[in-house]
Amino acid sequence: MQKKIGRNDPCWCQSGVKYKNCHLAFDNKISSYAAQGHIVPPHDIIKTPEQIEKIKESCKINIAVLDYIEKNIHEGMTTAEIDKIVYDMTTDMGGIPATLNYQGYPYSVCTSVNDQVCHGFPSKDVVLQSGDIVNVDCSTIFHGYFSDSSRMFCIGEVSEEKKKLVQVTKECVEKGIAQVKPWGFLGDMGQAVHDHAYANGYTVVREIGGHGVGIEFHEEPWVGYHTKKGTDMLLVPGMIFTIEPMVNMGQADIFTDEKNGWEVYTDDGLPSAQWESMVLVTEDGCEVLCW
Ligand code: MF3
Ligand code: CO
C-alpha cells in the first residue's frame, strides 16, 4: 500500500504541483484496475520526465558500445577482448559497466555463446569460432542511471538452423514491443513473445526474465513470457522495463554452472538466443530506449 496523499499536498512525482492537479486522476484510474484484481505498478517505478532524460543519456552509451561491438566482433576474437572493449568504451564515456561487481559478477559484460543461455563469463579461453552465435549483454550506469540491452551476433558461417533461431528471437522481441501501450498489460507482451517462439518450434526459458530498470539495475516488475494477454502488471506511462526472452532451440530447461554460480546453459545442449530491448511506456504506446 502507498501512503495516502492529500489533494492539496505536493504530488508524489516531484513536479511541485498539487496532487489534485497532477497525478490524482491517474492514480484513481490505476486504483480502479486494482479494484478489479489487477496487479498495478507502485509509484516508485513510474519515472519522471527528468529521470527519463537522464536514463536516455545512459542508453546512448549502451547503444554506442553495442554498435562498436557489432562492427568489430569477428572470428578468432576472444570474449575477454569484448569485455575489455566494453570496459574501456563505457568508462571513456563517463559510465560504469553495471554488471561489474554487481552481486559479485566479475566482468563488464556477459558473453553467452551457443548453448550458454545467459551470464556467460568473458574469457581469454573462449575464442569465437565460425558457426558460433553469441549474445553480448551490456549495461551502463551513467550519473547513477541505468541502461541495459543485448544483441546477438553470428560469427563466420552460421547454419541456417541457428540463423533462424537468432532471427525468430529478434522477432519475438519486436512482437512483444508492439504490444506495449499504456493501460495494457505486461501479459499482452509476454504472450506475444511466447506465441511467436512456440509457433516456430522453440521454447522460452521460464526462470529468468526481464525487469524494470532505470533508477536501479533491477526493479519491479519481473518480466516473464509465460503470462497471458490481459494479465500481469498494468502498464502506465513512465514505466521502463526490459524485454529479453531467452529462446531455446530445444527444451526450455536450463542449469547454472555450479563452479561459478552464474553461467547458465541449456540442459539439452542445444543453442539458445536472446535479444534485449529497454522500453518506455508513453502516453500513446511505447518508445524503445535501448537495444
Ligand atoms: N543484462 C542482464 C540482465 O538483464 C545482466 C544481468 S547480469 C548480472 O539483468 F550478472 F549482472 F547479473
Ligand atoms: Co536485463
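Quantities reported herein were computed from a predicted structural model and do not represent experimental measurements. Whatever order the structure lists ligands and atoms in, that order sets their numbers, starting from 1. Computation of the quantities below employed the complete heavy-atom set of this structure, encompassing side-chain atoms and omitting hydrogens, waters and symmetry-equivalent molecules.
- Around the Co ion (ligand 2), the protein atoms of type N, O or S that sit closer than 2.8 Å are Asp148 OD2, His211 NE2, Glu244 OE2, Glu276 OE2.
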Take Asp137 and His119, measure what side-chain hydrogen bond (donor to acceptor under 3.5 Å, both in side chains) needs, and give me the verdict at the end.
-> CA-CA 8 Å; Asp137 190 339; His119 305 163; over 6 Å; no

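- Within the hydrophobic cluster formed by Ile, Leu, Val, Met, Phe, Trp and Tyr side chains joined at under 4.5 Å, directly or through other members, Ile208 is accompanied by Val117, Val205, Met246, Ile254, Val264.
- Counting only heavy atoms from C-beta outward, the side chains of Val109 and Pro97 never approach each other to under 4.5 Å.
- Clustering ILVMFWY residues whenever any of their side-chain heavy atoms sit less than 4.5 angstrom apart, transitively, puts Phe241 in the very cluster that holds Val173.
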Test Ser159 against Glu161 for side-chain hydrogen bond (donor to acceptor under 3.5 Å, both in side chains), laying out the working first.
-> CA-CA 5 Å; Ser159 70; Glu161 228 190 349; 4.7 Å; no

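- Within 4.0 Å of ligand 1, contacts by protein heavy atoms are made from Thr99, Tyr102, Tyr105, Cys110, His119, Asp137, Asp148, His211, Phe217, His218, Glu244, Trp262, Glu276.
- Remark: aromatic rings of Phe121 and Tyr105 are close, center separation under 6.0 Å.
- Classified by interplanar angle (parallel below 30°, tilted 30° to 60°, perpendicular above 60°), the ring pair Tyr198/His194 is parallel.
- Alongside Leu289, the hydrophobic cluster contains Ile52, Ile55, Ile96, Tyr102, Ile141, Tyr145, Phe146, Val213, Ile215, Phe217, Ile240, Met278, Leu280 (criterion: ILVMFWY side chains under 4.5 Å).
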Would you check, one step at a time, whether the test side-chain hydrogen bond (donor to acceptor under 3.5 Å, both in side chains) holds for Trp12 with Asp27?
-> CA-CA 11 Å; Trp12 53 263; Asp27 282 350; 2.9 Å; yes

